[in-house]
Amino acid sequence: MKISARSKKMIQPAIVKYNGLIREIEKTGKKVYFLNLGQPDIATPPAFMEAVRQIDDDVLMYVDPKGIIPLRQSIVGYFKNYDLDYDIDEILVTMGGSEAIWYTFLTLCDEGDEIICPDPVYSIYREVAKATGVKLVPVETYAEEGFELPAKEVIEKCITDKTRAFILNTPGNPTGRVYTKREMDDISQLALQYDLFIISDEVYRDFIYDGEEFLSFAAREDVAEKVILVESASKRFSACGARVGFLATKNKEVYEGLLKMAQTRLSISYVDQVGAVELFKLEQDYLRAQLDEYENRRDTICEELRKIDGVVLETPKGAFHLLVKLPIDDAEDFIQFMLNDFTLDGETVLVTPGADFYFNEELSKNMVRISYVLKQEDLKRAAFLLRKGLEAYKSK
Ligand SMILES: Cc1ncc(COP(=O)(O)O)c(C=O)c1O
């Protein structure tokens with residue numbers, strides 16, 4: 001018996017990679033601070049569960065594969081806060097942003113087609129690309145330059161007759177980069193010139209710091225027919241377990257293609273959608289309070305990390321992840337050490353190796369991604385453990 005070559009090529013994403021080991025370690029009573037996952041510790045707004053408790057249907061039925069109408073209406077309303085104008089028939093509700101990424105790759109590309117992405121990139125794109133036979137073509141960006149996209153001419157060199165799209169994530173996971181007008185103009189011009197799609201993953205739209213303005217590809221008229229938005233309730237409403245995301249596009253042909261993919265799974269959870277209706281209706285005050293909280297967390301983690309000798313980082317402008325250079329040669333080995341060998345008063349900290357996000361192995365060797373999803377006192381403690389861990393690792 002034989003299983004597919006594509007599944008053999010895939011690797012475990014960071015989110016599950018250490019699960020087995022963590023369970024073993026936690027059995028010993030050791031406490032682990034998780035800075036490796038984008039799983040916020042903030043309570044999900046009670047409106048979600050209140051709406052779910054109101055459900056009194058006798059039968060939980062399949063619902064519209066596009067997503068229930070009240071949810072799509074609620075999303076349209078949320079978009080209006082950002083001056084984004086979508087109709088309910090331009091929204092397709094998915095099982096998290098993750099499913100949205102699958103459908104987009106499957107709809108835009110045949111096997112062997114190419115999508116251009118920045119390096120480093122959100123790791124799930126790489127695994128979905130392997131599974132769907134799409135080739136991701138990386139454009140190198142550098143920590144020292146705040147992960148800015150290179151000049152248009154450099155990106156243009158990556159375009160071949162197989163290129164179908166760009167995939168960008170702003171604000172970015174793992175970099176925290178928020179793309180500027182210059183970068184978005186360049187991508188839009190190339191998309192128009194070479195007739196390419198722009199997959200814009202904006203699941204962190206609501207996390208932009210320092211009062212910076214957020215620019216969405218979806219707000220641009222020049223590429224209106226080319227943009228496919230990947231969206232999610234997970235981060236903005238601290239509702240990762242609700243598994244509600246969505247796609248938005250003004251391109252009817254693309255929408256029909258995405259819908260055919262979605263019809264193969266018939267429907268997504270009705271219960272989760274009922275809860276999510278209330279999330280997307282939340283007042284802007286809720287999102288503003290979250291933003292303040294994350295901005296404080298960002299400042300705290302950056303300040304604490306800068307106290308560690310040899311650590312190099314740029315203050316991220318958005319999302320809740322940052323890539324940090326550690327004064328070590330092998331981030332994976334250091335992480336194993338932190339889990340298996342290091343403990344201070346029964347505690348340790350877990351971060352994600354940069355290699356999970358990089359195509360260029362050389363650039364990733366001493367990099368780790370830190371997700372500042374914990375409250376400030378936990379972040380301080382975790383940074384302290386990281387410092388002590390580095391000292392212990394170096395004197396090993
Ligand atoms: C950039 C980015 N896109 C999409 C997702 C998918 O999230 P979900 O499937 O929980 O909606 C994530 C999750 O971490 C992410 O970081």
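Along the sequence shown, the residues carry numbers beginning at 1. Order of listing sets the numbers, starting from 1, for every ligand and every atom in it.
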Inset, instruction - Please verify whether a non-hydrogen atom of H321 lies at under 4.0 Å from ligand 1. - result: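 Contact check H321 vs ligand 1: negative.
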Inset, instruction - Determine whether the side chain, the backbone, both or neither of S98 has a heavy atom under 4.0 Å from any heavy atom of ligand 1. - result: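 Near ligand 1, S98 shows its backbone as well as its side chain.
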Inset, instruction - Under 4.0 Å, heavy atoms only, figure out whether ligand 1 is touched by the backbone of E99, its side chain, both or neither. - result: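 Looking at E99 and ligand 1, no heavy atom falls under 4.0 Å.
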Can you find an N/O atom of [X] closer than 3.5 Å to an N/O atom of ligand 1?
X	result
M95	no
D201	yes
N169	no
R243	yes

Please could you name the atoms of ligand 1 that [X] approaches to less than 4.0 Å, counting only its heavy atoms?
X	result
S232	8 (P), 11 (O)
G96	9 (O), 11 (O)
K235	13 (C), 14 (O)
N173	1 (C), 15 (C), 16 (O)

Inset, instruction - Answer yes when D87 and R72 have at least one side-chain N-carboxylate O distance shorter than 4.0 Å, and no when they do not. - result: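 No, D87 and R72 are not salt-bridged.
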Inset, instruction - Let me know which of K235, R236, R288 forms a salt bridge (charged side-chain N to carboxylate O under 4.0 Å, His left out) with D206. - result: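 Among K235, R236, R288, the one that satisfies the salt bridge (charged side-chain N to carboxylate O under 4.0 Å, His left out) with D206 is R236.
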Inset, instruction - For the pair Y125 and F105, name the ring-plane relationship: parallel under 30°, tilted 30 to 60°, perpendicular over 60°. - result: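 Answer is tilted, since the angle falls between 30° and 60°.
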Inset, instruction - Among all protein heavy atoms, pick the one closest to atom 15 (C) of ligand 1 and tell me residue, atom and distance. - result: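 Scanning the protein heavy atoms, the shortest distance from atom 15 (C) of ligand 1 goes to Y122 CZ, 3.4 Å.
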Inset, instruction - Begin from the C-alpha positions of K252 and E256 and carry the test salt bridge (charged side-chain N to carboxylate O under 4.0 Å, His left out) through to its verdict. - result: CA-CA 6 Å; K252 292 204 166 19; E256 288 309 313; over 6 Å; no
Legend entry - Pairwise distance CD(E332) to CZ(F334) - rounded to 0.5 angstrom: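 Answer for the CD-CZ pair, E332 versus F334, is 12.5 Å.
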Legend entry - Spacing of SG belonging to C109 relative to NZ belonging to K135, to within rounding of 0.5 Å: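 NZ of K135 is found 12.5 Å from SG of C109.
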Legend entry - Heavy-atom donor-acceptor pair, Y255 side chain to I91 backbone, under 3.5 Å: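 Checked: pair present.
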Legend entry - Common cluster, V154/F166, ILVMFWY with side-chain heavy-atom separation under 4.5 Å: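 They do not share one cluster, since no chain of ILVMFWY contacts under 4.5 Å joins V154 to F166.
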